[in-house]
**Student:** 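The structure's right below; bear with me while I get my questions together.
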Amino acid sequence: MLAQRMNSFSTSGTAKARAAAKTACEAGIDVIDLTAGEILADPPATVRDGAIAAIEDGINRYTDTIGIEPLRAAIAEKVSRETGQLRATDEIAVTAGAKQALFNVALALLNPKDEVLIPAPYWTTFPAQLAIVGAKPVFVDTRTNNYLPRLQDLRAAITPATRAIVVNTPSNPTGAVYGRILLAGIAELAMEYDLWIIFDECYSGFVHAPRQHAHMCSLNAMARSRTLIINSFSKQLALTGWRIGYLAAPPKVIAAVKALQSHTTSNPNVIAQHAVLKHLREADGHYERALEKRVSRARQSGLKILSRLHHVRVSEAEGGFYFYLDLKDLLSSGSFGGETGDADDIAGLLIEKAGVAGISGTAFGDPFGLRLSYGLAQEQLEVGLEKLVRTLNALEPVTWPLQAIR
Ligand code: PLP
């Protein structure tokens with residue numbers, strides 16, 4: 001009954017995990033939810049005021065398909081500042097979140113059977129969108145290199161069918177931040193093999209000191225013509241539900257995206273466009289700095305608690321607002337009778353025994369990973385992580401398989 005393409009992907013693993021946490025809550029289990037892909041915070045006052053003013057001014061009609069001109073101009077200015085390269089309005093498309101920007105890019109640039117390199121673990125939507133357009137994800141394992149791809153591994157994965165490479169920095173789910181040398185190397189590789197670079201910097205507002213966000217385009221001016229900058233106000237301004245993201249790309253790509261969007265969603269929500277425009281025009285950066293500070297404090301406190309874990313490696317979480325745990329040693333430890341399970345088992349056990357919900361790495365192509373969001377209130381985060389540490393450390397003397405200890 002359904003089209004064949006529906007067999008090539010399923011509901012996002014992160015959405016499933018959030019639903020599982022909700023179900024547990026409804027069943028009366030007191031759950032601390034560390035699954036959220038968003039920061040639980042109020043939006044900036046400029047955004048709220050901008051939305052209210054737009055409603056009161058009776059702004060309620062279609063806008064230009066890829067966003068109102070002043071918003072595109074303000075975003076062009078933002079991207080110019082961030083990359084150090086002057087951008088024009090015809091290089092910007094406003095989209096319903098970064099997700100639509102990514103999907104537009106896949107539709108506009110990829111043919112069936114084209115291959116796209118994706119460093120793994122990866123955000124679950126990257127391969128799903130490729131599957132929808134009939135293209136093929138080619139995963140490059142980063143787990144033995146602090147979750148960053150090695151240039152030689154990327155090169156080895158390139159075939160005559162390769163068209164693009166995904167660079168997501170900071171990375172969801174691992175929090176890894178790409179350094180300047182790596183990015184410059186990727187830019188050179190892309191030029192050598194004539195590849196697009198899908199540069200997803202949705203978490204660039206959360207790069208924790210001393211690390212800094214490096215931009216593909218500022219490292220190599222030549223990369224500009226092949227880089228598709230994907231960004232969003234979802235995370236940076238805690239506006240996930242408002243659905244405003246953007247694509248910065250060569251004018252030809254923007255024109256193609258405009259044609260696509262004209263037959264799909266038309267313009268992004270008009271009230272949200274005006275709200276973000278007011279913020280870009282009037283805000284002084286205080287909101288963003290305060291949010292990053294809050295997230296950074298939560299990270300430090302969380303890392304301290306997680307450092308007490310036995311048999312579990314915790315990555316540095318240099319960017320974004322996720323901790324990423326490597327459960328491999330725990331899962332294969334001799335103390336579990338030599339048998340192995342996967343992160344789904346641990347995620348299930350944590351909900352049941354600790355009342356803590358995280359997202360199993362199976363959603364990100366990694367059966368040994370576990371993603372925990374620290375975008376919630378610090379107090380709640382600390383309680384959740386303490387429970388998690390107690391529960392996982394108590395597993396040691398217990399005999400595998402996990403089913404037996406449930
Ligand atoms: N890119 C990455 C890496 C993400 O993690 C997300 C959301 O979680 C998005 C893009 C999409 O963000 P939005 O569509 O809310 O702007």
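These numbers were taken from a predicted model, which means no experiment stands behind them. As the structure lists them, so they are numbered: ligands from 1, and atoms in each ligand from 1.
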**Student:** Take the angle between the ring planes of Y324 and F364 and call it parallel below 30°, perpendicular above 60°, tilted in between.
**Tutor:**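 Judged by the thresholds at 30° and 60°, the geometry between Y324 and F364 is perpendicular.
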**Student:** Would you call C202 a ligand 1 contact, heavy-atom distance under 4.0 Å?
**Tutor:**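 Yes, that is the case, since the closest heavy atom of the residue is under 4.0 Å from the ligand.
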**Student:** With no hydrogens and no angle check, just 3.5 Å: does a side-chain donor-acceptor pair link N111 and R163?
**Tutor:**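 Their side chains do not contain a donor-acceptor pair, so the 3.5 Å distance test is not met.
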**Student:** Is F233 in contact with ligand 1, taking contact as a heavy-atom separation below 4.0 Å?
**Tutor:**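 For ligand 1, residue contact (heavy atoms, under 4.0 Å) with F233 is absent.
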**Student:** Answer yes when K304 and E382 have at least one side-chain N-carboxylate O distance shorter than 4.0 Å, and no when they do not.
**Tutor:**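 Looking at K304 and E382, the cut-off is not met.
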**Student:** Using a 4.0 Å cutoff against the non-hydrogen atoms of K99, which atoms of ligand 1 qualify?
**Tutor:**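 Taking each heavy atom of K99 in turn, ligand 1 has 11 (C), 14 (O) under 4.0 Å.
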**Student:** Can you tell me if N168 contacts ligand 1 (heavy atom of the residue under 4.0 Å from the ligand)?
**Tutor:**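 Contact check N168 vs ligand 1: positive.
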**Student:** Specify whether H213 and F199 have parallel, tilted or perpendicular ring planes, treating 30° as the upper limit for parallel and 60° as the lower limit for perpendicular.
**Tutor:**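 H213 and F199: tilted rings.
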**Student:** Using distance alone, with no hydrogens and no angle criterion, decide if E188 and N220 have a side-chain donor and acceptor under 3.5 Å apart.
**Tutor:**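 The criterion, which ignores hydrogens and geometry beyond distance, is not satisfied for N220 and E188.
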**Student:** Could you say whether the N/O atoms of Y322 and ligand 1 ever approach to under 3.5 Å?
**Tutor:**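 By distance alone, the answer is no.
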**Student:** Are K278 and D49 ion-paired here, with the side-chain N under 4.0 Å from a carboxylate O?
**Tutor:**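 Salt bridge between K278 and D49, a charged N being under 4.0 Å from a carboxylate O: no.
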**Student:** Looking at L327 and A343, what are the two nearest heavy atoms and their distance?
**Tutor:**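 Minimum heavy-atom separation between L327 and A343: CD1-CB, 4.0 Å.
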**Student:** For S234, take its heavy atoms, then give the atoms of ligand 1 lying under 4.0 Å from any of them.
**Tutor:**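 Numbered from 1, ligand 1 contributes 13 (P), 15 (O), 16 (O).
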**Student:** Which one of F206, Y203, Y147 satisfies the ring pair (Phe, Tyr, Trp, His ring centres under 6.0 Å) criterion with Y322?
**Tutor:**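 Going through the options one by one, the only one that passes is Y203.
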**Student:** Can you name the atoms of ligand 1, numbered from 1 with element, that are less than 4.0 Å from a heavy atom of G97?
**Tutor:**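 Selected atoms, number and element: 14 (O), 16 (O).
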**Student:** For E38 and ligand 1, answer yes if some heavy atom of the residue is under 4.0 Å from a ligand atom, otherwise no.
**Tutor:**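 It does not; every heavy atom stays at 4.0 Å or beyond.
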**Student:** Can you report which non-hydrogen protein atom sits closest to atom 7 (C) of ligand 1, along with the distance?
**Tutor:**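 For atom 7 (C) of ligand 1, the nearest protein heavy atom comes out as K235 NZ, 3.0 Å.
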**Student:** Any N or O of A98 that comes nearer than 3.5 Å to an N or O of ligand 1?
**Tutor:**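 The answer is yes, given that A98 and ligand 1 share an N or O pair closer than 3.5 Å.
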**Student:** List the closest protein heavy-atom neighbour of atom 11 (C) of ligand 1: residue, atom name, distance to the nearest 0.1 Å.
**Tutor:**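 Protein heavy atom at minimum distance: W123 CH2, 3.7 Å.
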**Student:** Got the closest protein heavy atom to atom 1 (N) of ligand 1, with its distance?
**Tutor:**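 It is D200 OD2, 2.6 Å.
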**Student:** Quick one: nearest non-hydrogen protein atom to atom 14 (O) of ligand 1, plus distance?
**Tutor:**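 Heavy-atom neighbour on the protein nearest atom 14 (O) of ligand 1: R243 NH2, 2.7 Å.
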